[in-house]
Amino acid sequence: MSSRPEAEAQGWSIEFVVDADGEAGGLAPFEAALDDPAERAAVSRFRDGEGQGWRFRSVRASRPDEAQLRSRLAIAAAVTGVQASSLSVLPLPAVDWIAEVNRLTPPVSAGRFFVRGSHVTGDTPPGRIGIVLDAGRAFGTGSHESTRGCLLALGAMPPPGDGRILDLGTGSGILAIAASKLWRRPVLAADIDPVSVETARENATRNGVGALVETCRSRGFSNPRLRARPPYALILANILADPLIRLAPAVARYLYRDGRAVLSGLLREQEADVAAAYESVGLPIRDRHPIDAWTTLVVGRG
């Protein structure tokens, strides 16, 4: 443990190594073990320089529950058949980690979209829709497979019909910005996290769609502003499998009769459960975009 006093910590770093050969796609349960929706924790993975395994790293604002973390890693080990080792939970020094992450984040091409941080100079490639975005403390830089899957789904679908567009769990606002730029349509972007709401608003303004993207705070459809706007022609929900399942009846209720919903944040092994929940409310799968261990689903009636 670092000698730096915990009271002065500027955040916490979690690292461990998974001793496994081959691609990282089959190790998604370890990535999921580090996920923390309450903090929008950043998770990265890369080859461990000291061996043949993969090193996983997460950075978050508050100290994690180490006992709970070890329990999650044990479950991931049971699912994958490989073990995690060299776990460390350390306080971070006073560094501008947002700037550091931005510096190391490369541009992302996803179908019709080209997403870059403000630290990346140069023009958007011809024929692409450019999005300049610094996630800051909100989730969504375009690099994660779930966000890329949503961008691919948006670029592949025809313009939505009558009705509004809702981005539920907007994070950095990337999907709301993408939809508003793609179709020049108003988008209502909601998130449970007030920091994400503020970040999404700032990013929409930076990308010239501040007048099209309206932001608000909401847990699911609890905010009356969301319930007052339906039916929606398109609902975007890049969250997690369990809340997606719980939201299935509400999505069906507030979606236009021929509308579509883009669902992401789920691992491939969770796809069947999510698909069954939406099939049961009359929203079968219309398209899917798998990337490595993650899947994005497009569901709808017509």
Less than 4.5 Å apart, side chain to side chain, heavy atoms only: is that true for [X] and [Y]?
X      : Y      : result
Ser85  : Asp19  : yes
Arg184 : Val209 : yes
Met157 : Leu234 : yes
Thr147 : Trp294 : no
Tyr278 : Leu244 : yes
Phe113 : Ile131 : yes
Leu87  : Ile14  : yes
Leu247 : Phe221 : yes

Quick one: does [X]'s side chain have a donor or acceptor within less than 3.5 Å of a partner on [Y]'s backbone?
X      : Y      : answer
Arg217 : Ile192 : yes
Arg286 : Arg301 : yes
Asp167 : Ala190 : no
Ser218 : Asn223 : yes
Asp191 : Gly171 : yes
Ser71  : Ala67  : no
Thr199 : Val195 : yes
Arg246 : Ala241 : no
Gln270 : Leu267 : yes

Check against ring pair (Phe, Tyr, Trp, His ring centres under 6.0 Å), Tyr232 and Tyr256: CA-CA 5 Å; Tyr232 294 101; Tyr256 203 66; over 10 Å; no

To the nearest 0.5 Å, how far apart are [atom1] in [X] and [atom2] in [Y]?
X      : Y      : atom1 : atom2 : value
Thr170 : Asn238 : OG1   : CG    : 9.5 Å
Ile245 : Leu240 : CD1   : CG    : 11.0 Å
Glu145 : Leu152 : CD    : CG    : 11.5 Å
Leu133 : Arg206 : CG    : CZ    : 7.5 Å
Arg148 : Ile174 : CZ    : CD1   : 11.0 Å
Ile235 : Leu263 : CD1   : CG    : 9.0 Å

Test side-chain contact (heavy atoms from CB on, under 4.5 Å) applied to Leu236 and Leu166, step by step: CA-CA 6 Å; Leu236 308 168; Leu166 172 64; over 6 Å; no

Heavy-atom closest contact ([X] atom, [Y] atom, distance):
X      : Y      : value
Pro284 : Glu279 : CB-OE1, 3.3 Å
Pro160 : Ala233 : CB-CB, 3.8 Å
Leu188 : Cys216 : CD1-SG, 4.1 Å
Ile291 : Arg268 : N-NH2, 4.4 Å
Pro107 : Phe114 : CB-CZ, 3.5 Å
His289 : Ala156 : CE1-CB, 4.2 Å

Partners of [X] by salt bridge (Lys or Arg N to Asp or Glu O under 4.0 Å), sequence neighbours excluded?
X      : value
Arg70  : Glu66
Glu214 : Arg225, Arg229
Arg112 : none

side-chain contact (heavy atoms from CB on, under 4.5 Å) evaluation trace for Phe30 with Leu73: CA-CA 6 Å; Phe30 288 101; Leu73 292 178; 4.0 Å; yes

Derivation of the side chain to side chain donor-acceptor pair (under 3.5 Å) call for Thr296 and Ser264: CA-CA 5 Å; Thr296 297; Ser264 198; 2.8 Å; yes

Within one Ile-Leu-Val-Met-Phe-Trp-Tyr cluster: Val274 and Val79, side-chain cutoff 4.5 Å: no

Transitive ILVMFWY side-chain link Val187 to Leu182, under 4.5 Å: yes

Passing option when Thr215 is tested against Glu198, Arg201, Glu202 for side chain to side chain donor-acceptor pair (under 3.5 Å):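 When side chain to side chain donor-acceptor pair (under 3.5 Å) is applied between Thr215 and each of Glu198, Arg201, Glu202, only Arg201 qualifies.
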
More than 12 heavy atoms of other groups within 6.0 Å of Arg227 CZ: yes

Donor + acceptor pair across side chains of Arg128, Ser109 (<3.5 Å): yes

Donor + acceptor pair across side chains of Arg60, Ser58 (<3.5 Å):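 Arg60 vs Ser58: donor-acceptor pair found between side chains.
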
Worked check of ring pair (Phe, Tyr, Trp, His ring centres under 6.0 Å) between Phe56 and Phe16: CA-CA 6 Å; Phe56 287 73; Phe16 58 85; 5.3 Å; yes

